[in-house]
Q: 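Got a structure for you, written out below as structure tokens; questions coming shortly.
Owing to the predicted nature of the structure, the values given are computational and were not obtained by experimental measurement. Just so you know, residue 1 is the first one in the sequence shown, and it goes up from there.
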Amino acid sequence: MVSFSHLDDSVPESHWARHLAGRGVLDLADLYPHGPGRLVVLAAHPDDETLGAGGLIATLAARGTAIDVVVASAGEGSHPASPTLTPPELAGIRKIELRNAVARLAPQARVHFLDLPDGGLARHRSALDAGLAAVVGPAEHTVLAAPWRTDGHTDHDTAGLAAAALARTRGLPLLEYPVWLWHWGTPDDVPRELVLLPLGGAAAGAKAAAMAAHVSQVQPLSEAPGDEALLSPAVLAHFERDFESFILTRPRRPRDVFEDLYRSSADPWQFESSFYEHRKRALSLAMLPRPHFASVFEPGCSIGVFTAELAARADAVQATDISERALALARRRLDGSPHVRLAQAAVPLDWPEGRFDLVVVSEIGYFLQPSELHELAERTEAALTDDGVVLLCHWRHPNEGWELTGDQVHEVFRARAGLQVLAEHCEEDFRIDVLARPGTPSVAAQSGLL
């Protein structure tokens, strides 16, 4: 993350004007055949929505688009040394300013405050995910806008990551707006995907009025030290342009990603031919505390290679995958196994009924957003029988394009109060954890050796 202060000298706006000339133009009608029906704008703090996307809000509102503004924190930390206002008092003022600003941009817009702590969004990521997802809802014909995920401010970056994860999951166009980039950045820091939205006179005027409505940020709170204006004229100049800037990510649902993957290869991870995969499965099976299970659930079964090995040690196996093409290959492999049921589903949303004495969560956790991962862990624990077991196995290196790591997935499960570690294996490339209910006896105890 970049290190900067709002007190630093801001990059002159004339510098940016030269370097942004000639950028591509954002065509809002290109996002949906009949244009966006709804715009949801996420702001880390009051004023982000205006600085980064005020013109977008005004432009779409004038076209009849429904507008929702989601504000993660009330911005109570903007003046930590203020001698005149406490953080709660400042939060109240900034909420009023936010409503006044949005009213100038889109009078019919709905405003949603999540009331998460200013400066602490990263620690409250699950609540941020859940709050944003609740507002976005089914998301038909919706465009999501949010701070750029590498803007350099921890709250902006966290908000951007949350929006990117939800946009990917729901298949939404995502418009990321830089705010602090213009203050600290260089032309080399500007993403190639950045496009410009020209603002008409009405939209530009509405944005200027909305910026002025954030009085606590653009004017001093008082003459006293600690009450200085947060946004200097040099910073505000970056938002007085006749255009706004966005990094556009077009929608691509996880299901589409994996369908494309299986179209390009019938075994994209080389489950059948790779010694690495054979060894990993052998270690996973060897760590299970019993030779046989009554009922197994395996989400993310892919082409069914591990499913077939689980089936040899179970009375019944229920396996799901997000990709229909992968399931077609799994059905062919498991054609002679009537005790195996295969279905297209995405966890944690499509969780099956019933209880299981083995749930296998292998190589899927990092494809979720954090709130979904926590829900997956909760559902897994709730679905276990009294002697049930969870088998976790995940790659430990980065997955390009996905936010979570294998280690983070395992730590979420291991943090569950209703689960304890029965066995663990960790090496440079992957880790395996076997979890069970607290008090579950060891394999030696189960075998009568103790």
Q: State whether a side-chain donor-acceptor pair under 3.5 Å links His214 with Asp47.
A: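 No - no donor-acceptor pair under 3.5 Å links their side chains.
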Q: Kindly give the heavy-atom pair with the smallest separation between Thr84 and Leu221, and that separation in Å.
A: OG1-CB, 4.4 Å
Q: Would you say that Thr380 contacts Phe356 through its side chain, given a criterion of any heavy-atom pair below 4.5 Å between the two side chains?
A: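 No - every pair of side-chain heavy atoms lies 4.5 Å or more apart.
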Q: Between His45 and His153, how do the two ring planes meet: parallel, tilted or perpendicular, split at 30° and 60°?
A: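 Perpendicular.
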Q: Can you name the nearest heavy-atom pair linking Leu196 to Ser245, along with the distance?
A: CD2-OG, 3.5 Å
Q: Quick check: does any side chain N or O of His79 sit under 3.5 Å from a backbone N or O of Ala229, one acting as donor and the other as acceptor?
A: no
Q: Going from CD on Glu277 to CH2 on Trp269, what distance comes out if it is rounded to the nearest 0.5 angstrom?
A: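 Result: 9.5 Å between the selected atoms.
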Q: Within the side chain of Thr65, is there an N or O that forms a donor-acceptor pair under 3.5 Å with the backbone of Ala61?
A: no
Q: If you define the side chain from C-beta out and look only at heavy atoms, does anything of Pro107 sit under 4.5 Å from Arg104?
A: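 The answer is no; the side chains never approach within 4.5 Å.
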Q: Check whether any side-chain heavy atom of Pro370 sits under 4.5 Å from a side-chain heavy atom of Arg125, and report yes or no.
A: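 Yes, their side chains come closer than 4.5 Å.
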Q: Within a reach of under 6.0 Å around NE2 of His141, are more than 12 heavy atoms found that belong to other residues, nucleotides or ligands?
A: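 No, NE2 of His141 has 12 or fewer neighbouring heavy atoms, counting only those of other groups under 6.0 Å.
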Q: Run the salt bridge (Lys or Arg N to Asp or Glu O under 4.0 Å) check on Asp157 and Arg149 step by step: do they pass?
A: CA-CA 4 Å; Asp157 296 353; Arg149 71 190 90 170; over 6 Å; no
Q: Determine yes or no for a side-chain-to-main-chain donor-acceptor pair under 3.5 angstrom, with Trp184 supplying the side chain and Trp180 the backbone.
A: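 Yes; judged by distance alone, with no hydrogens or angles, the pair exists.
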Q: Would you sort out whether Leu51 and Tyr177 count as a side chain to side chain contact (heavy atoms under 4.5 Å, CB included), showing the intermediate values?
A: CA-CA 9 Å; Leu51 297 173; Tyr177 53 85; over 6 Å; no
Q: Could you check whether any side-chain N or O of Glu89 sits under 3.5 Å from a backbone N or O of Thr86, counting only pairs where one atom can act as donor and the other as acceptor?
A: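 Here the side-chain-to-backbone pair exists.
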Q: Ring pair (Phe, Tyr, Trp, His ring centres under 6.0 Å), that's the test. Do Phe246 and Trp148 meet it? Break it down for me.
A: CA-CA 8 Å; Phe246 299 95; Trp148 182 39; over 10 Å; no
Q: Answer yes or no on whether Arg431 is positioned over the face of Trp395, meaning its NZ or CZ is under 6.0 Å from the six-membered ring centre and within 45° of the axis.
A: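 Cation-pi check for Arg431 and Trp395: fails.
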Q: Specify the closest pair of heavy atoms between Thr320 and Leu327, including all atoms of both residues, with the distance to one decimal.
A: C-CD2, 4.4 Å
Q: Using a distance-only test with no angle check, is there a side-chain donor-acceptor pair under 3.5 angstrom linking Thr186 and Asp189?
A: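 Thr186 vs Asp189: donor-acceptor pair found between side chains.
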Q: Any donor and acceptor pair, going by atom type alone, linking the side chain of Ser222 with main-chain N or O of Ala224 inside 3.5 Å?
A: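 Yes.
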Q: May I ask you to establish whether Lys207 and Phe239 are in a cation-pi arrangement, using a distance under 6.0 Å from NZ or CZ to the six-membered ring centre and at most 45° from the ring axis?
A: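 Checked: cation-pi criterion not met.
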Q: Count the heavy atoms of every other residue, nucleotide or ligand shown that sit under 6.0 Å from CG of Asp27, and state whether that count exceeds 12.
A: yes
Q: With a 4.5 Å limit on heavy-atom distance, are the side chains of Leu144 and Leu175 in contact?
A: no
Q: Check whether Glu381 reaches the backbone of Arg379 with its side chain - one donor and one acceptor, N or O, closer than 3.5 Å.
A: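 Not confirmed, Glu381 side chain does not pair with Arg379 backbone.
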Q: Is the His19-Trp16 ring centre distance short of 6.0 angstrom?
A: no
Q: Measure across Asp227 and Pro83 and return the closest heavy-atom pair with its distance rounded to 0.1 Å.
A: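 Result for this residue pair: OD1-CD, 3.4 Å.
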Q: Would you say the side-chain atoms of Glu97 and Ser216 include a donor-acceptor pair closer than 3.5 Å?
A: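 There is such a pair between these side chains.
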Q: Answer yes or no: is there an ion pair linking Asp260 with Arg325, defined by an N-O contact shorter than 4.0 Å?
A: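 No.
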Q: Can you name the one residue among Val360, Leu384, Leu358 that meets side-chain contact (heavy atoms from CB on, under 4.5 Å) with Val390?
A: Leu384
Q: Is there a donor-acceptor pair closer than 3.5 Å between any side-chain N or O of Ser265 and the backbone N or O of Tyr262?
A: no
Q: Would you call Val25 and Phe243 a side-chain contact if the rule is heavy atoms closer than 4.5 Å?
A: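 The answer is no, as the side chains (C-beta and beyond) never meet within the 4.5 Å cut-off.
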Q: Measuring from Glu176:CD to Glu193:CD, what's the distance to the nearest 0.5 Å?
A: 9.5 Å
Q: Tell me, with the steps shown, if Leu392 and Ile432 meet side chain to side chain contact (heavy atoms under 4.5 Å, CB included).
A: CA-CA 5 Å; Leu392 295 166; Ile432 303 170; over 6 Å; no
Q: Is any side-chain heavy atom of Arg23 closer than 4.5 Å to a side-chain heavy atom of Val190?
A: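 Yes; the side chains approach each other to less than 4.5 Å.
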Q: Closer than 3.5 angstrom, by distance alone: can the side chain of Asp350 be matched with the main-chain N or O of Ala346 as a donor-acceptor pair?
A: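 Indeed, once roles are kept as given, a pair shorter than 3.5 Å links the two residues.
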Q: Kindly say whether Val40 contributes a backbone atom to a donor-acceptor pair with the side chain of Asp68 at under 3.5 angstrom?
A: no
Q: Taking atom types as modelled, is there a side-chain donor on Tyr32 or Thr142 under 3.5 Å from an acceptor on the other?
A: no
Q: Out of curiosity, Ile67 CD1 to Arg110 CZ, how far, rounded to the nearest 0.5 Å?
A: 9.0 Å
Q: Tell me which one of His397, Arg396, Lys280 satisfies side chain to side chain donor-acceptor pair (under 3.5 Å) with Asp429.
A: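 When His397, Arg396, Lys280 are each tested with Asp429, the side chain to side chain donor-acceptor pair (under 3.5 Å) holds only for His397.
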Q: Test Phe430 against every option in His394, His425, His410 by the ring pair (Phe, Tyr, Trp, His ring centres under 6.0 Å) rule and name the one that passes.
A: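 It is His425; the other options fail the test.
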Q: Which atoms form the tightest heavy-atom contact between Ala377 and Val412, and what is the distance?
A: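 Closest heavy-atom pair between Ala377 and Val412: CB-CG1, 4.0 Å.
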Q: In this structure, are over 12 heavy atoms from other groups packed under 6.0 Å from Gln344 atom CD?
A: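 Yes, CD of Gln344 has more than 12 neighbouring heavy atoms, counting only those of other groups under 6.0 Å.
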Q: Hey, mind stepping through Val143 and Leu172 against side chain to side chain contact (heavy atoms under 4.5 Å, CB included) and telling me if it holds?
A: CA-CA 6 Å; Val143 173; Leu172 301 178; over 6 Å; no
Q: Checking Val359 against Leu391 for the side chain to side chain contact (heavy atoms under 4.5 Å, CB included) test, could you report, in this order, the C-alpha distance in whole Å, the side-chain angles of both residues, the deciding distance, and whether it holds?
A: CA-CA 6 Å; Val359 177; Leu391 173 64; over 6 Å; no
Q: Indicate the atoms forming the closest heavy-atom contact of Glu427 with Leu283, along with that distance.
A: OE1-CD1, 4.4 Å
Q: Check whether any side-chain heavy atom of Met211 lies under 4.5 Å from a side-chain heavy atom of Gln217, and answer yes or no.
A: no
Q: Does a side-chain heavy-atom distance below 4.5 Å link Arg414 with Val421?
A: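 In contact.
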Q: What's the spacing between Leu166 CG and Leu174 CG if we round to 0.5 Å?
A: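 Spacing of CG (Leu166) from CG (Leu174) equals 9.5 Å.
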Q: Does Arg250 use its side chain to pair, donor to acceptor, with the backbone of Pro173 at less than 3.5 Å?
A: no
Q: CG of Leu197 to CG of Leu248: how many Å apart, nearest 0.5 Å?
A: 11.5 Å
Q: Rounded to the nearest 0.5 Å, what's the gap from CD on Glu324 to CG on Leu342? Could you check?
A: 10.0 Å
